[in-house]
Amino acid sequence: SSAKNQLISPQEFSSNAEDDWGRNIARLYVLYQKKLQQANAFDFDDLLTQTVWLLEEHQDVLEKYRSRFTHILVDEFQDINASQYELITMLALPQRELFVVGDDDQSIYGFRGARPEIMIEFKDYYPEAELIVLNVNYRSTQSIINVAGRVIENNKTRLDKCAHANNNKDFQPDIRKFRNQVEELKFVVSKIKEYENQGISLSEMAILVRNNSQIQEISSFLKNRKIEAESGKHRSNIYNGMVAKDILSYVRGALKFDGAYFNEDLIYVLNKPQRYISRQVVLSVNMNISAVRRIYSKNNIDSFLFHIEMIRKLPPQAALSYIRKGAGYEEYLRLYAIENNIPMSGLLKQLEQLVQECSKFNTLEQWINSIDSAQNSEGQNFGKKSSGEGGTNNRINIMTMHGSKGLEFKAVFIVDANQGIIPTSKALRERDFEEERRLFYVAMTRAIDYLNVYAVEERLGCPIEVSMFVEEML
């Protein structure tokens, strides 16, 4: 996709491959295009690249469309990629009647090929173009504009600009640091209630996060405090992953265990890790433990049941630690990752999210009941519209920073503003950090009146630094 966005053909990609990785990708690119051709199909990127190549090769077709589209307007120009720009440039000749609108500070789709430098360098290619700066912000207060400006001005690749507020209210942004996420979210709850008392409805508030994986734990925390949330994602949460299903089967199986029979949850994790006990055999004897002992090594069965007895006696965080190390589940994940050629880090991340989530509860029963309650409620509400979509439900919005673009809320909470989260730990190059800074800028400028930016000192029991962007706000 990245190659196509840059108008690089399979042949050109192959000739420029410098190492084994590049040559392997090149072979896949050639094979992929061949499969598309055989299916008489285009992918989304082909709609642009093939059009550009067609117009390059057929001047008569190009002239036909140039005469048809004599004036061209492009919105959201900051998110344009190379193939889109080439197409627009070809069509605009020779009149060069182009009208483009955008904000380079809000270019946040680099992972899709967006190149904000195209907008920044526009005047170099169209020196006759008139630049009109829309410097009145009709949404946010001046205080919000000021702190957002202090952050974004640290980007070197941008057009210099200065915005002024039309909103004459002046509430100072609330910037705080908490010991951990529980303390952070408790304070968020208190602020939500404070805003409600001022007459701001839940649907006029938003909690913005960097990653989808953060949404469920926040939603669950709020739900336990009788605050309904709208995330726009049905059942998209940490409990849907493979690791979560295994862990919950261990926990549910332990809680339901009666000492005489296996249950379905226990059978599900019987060989995670491998214990060489056949599921079919266990089912054939109606899950009777005594009958299974007569077939298999007593040690294998008793070892597994010992783990189950231990799990049911422990509080949630200790139980997960025991499953992970004592019951051998982490070693099972390591082997699973090797056999399936997937990164172990992703599986461990799922485990860590579960540890974070279960630490909010005193007993395993409380944790499982909370999960069941949330999933039942989610099922009942699936398909219902929030108040912002024409319905009557009053729920606070929880969404990613990317998902918030183009929206506005009277009160905005940016939580977990820490290094490794925002900016993401994947940011390595200067251009990566600049895009993360633009994303943070977009999140801040969703706020109309109230902006709250919170960070924590530790996450999953480990120290974590406050985001560099928070430091830039001050």
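Since the structure is predicted, the reported quantities are computational estimates derived from the model, not experimental observations.
- In this structure, R112 does not pair ionically with D79, as no charged nitrogen and carboxylate oxygen lie closer than 4.0 Å.
- In this structure, CZ in R210 is found 12.5 Å from CD1 in I414, a value given to the nearest 0.5 Å.
- Minimum interatomic distance between A319 and I311 (heavy atoms only, all atoms of both residues): CB-O, 4.0 Å.
- Between the side chains of Q11 and S15, no donor N or O sits under 3.5 Å from an acceptor N or O.
- K4 pairs in a side-chain hydrogen bond (donor to acceptor under 3.5 Å, both in side chains) with only one of the listed residues (T49, D43, D45), which is D43.
- With R334 contributing its side chain and M344 its backbone, the two residues share no donor-acceptor pair below 3.5 Å.
- Proximity of a side-chain donor or acceptor of T400 to a complementary backbone N or O of G403 within less than 3.5 Å is detected.
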request  = Could you check E430 against K156 for salt bridge (Lys or Arg N to Asp or Glu O under 4.0 Å), going step by step and ending with a plain yes or no?
outcome  = CA-CA 9 Å; E430 182 62 30; K156 296 173 184 174; 5.2 Å; no
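- Ring planes of Y250 and F304: tilted class, angle from 30 to 60°.
- The distance from the CG atom of L91 to the CD atom of E86 is 10.0 Å, given to the nearest 0.5 Å.
- The shortest side-chain heavy-atom distance between N224 and K360 does not fall under the 4.5 Å cut-off.
- Note that NZ of K64 and CZ of F69 are 10.0 Å apart. Values are rounded to the nearest 0.5 Å.
- Here the two rings, on Y332 and Y329, have centers that are under 6.0 Å apart.
- Annotation: the span from S359 atom OG to Q317 atom CD amounts to 5.0 Å, rounded to 0.5 Å.
- Here the closest heavy-atom approach between residue K256 and residue D265 is recorded as NZ-OD2, 2.5 Å.
- Residues M468 and P423 share a closest heavy-atom pair of SD-CG, 3.8 Å.
- I227 CD1 to M205 CE: the interatomic distance, rounded to the nearest 0.5 Å, is 8.5 Å.
- Here the shortest heavy-atom pairing between D124 and P127 reads O-CD, 4.0 Å.
- Checking side-chain atoms of S284 against main-chain N and O of V281 turns up a donor-acceptor pair under 3.5 Å.
- Under the 30°/60° scheme for interplanar angles, the aromatic rings of Y109 and H402 are found to be tilted.
- One distance of note links NZ of K405 with OG1 of T445; it measures 9.5 Å at 0.5 Å rounding.
- Screening Q78, R438, R158 against D105 for a side-chain hydrogen bond (donor to acceptor under 3.5 Å, both in side chains) leaves a single residue, R158.
- Using modelled atom types and a 3.5 Å distance limit, the side chains of E63 and Q59 yield a donor-acceptor pair.
- Using a 4.5 Å heavy-atom cutoff, the side chains of Q33 and P10 are in contact.
- Here the closest non-hydrogen pair linking V453 and A417 is CG1-CB, 4.0 Å.
- Of the possible polar contacts, none joining the R324 side chain to the E330 backbone as a donor-acceptor pair under 3.5 Å is found.
- A side-chain donor-acceptor contact under 3.5 Å links N81 and S83.
- Taking the six-membered ring where the residue is Trp, the centroids of H71 and F99 are separated by 6.0 Å or more.
- Ring orientation note: the planes of F13 and Y29 are nearly perpendicular, at an angle over 60° on the 30°/60° scale.
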query = Would F469 and M473 satisfy side-chain contact (heavy atoms from CB on, under 4.5 Å), going step by step from the backbone distance to the final call?
reply = CA-CA 6 Å; F469 305 144; M473 293 175 69; 5.8 Å; no
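- Within 6.0 Å of the CD atom in E471, the count of heavy atoms belonging to other residues, nucleotides or ligands exceeds 12.
- Nearest heavy atoms, E204 versus F409: O-CB, 3.4 Å.
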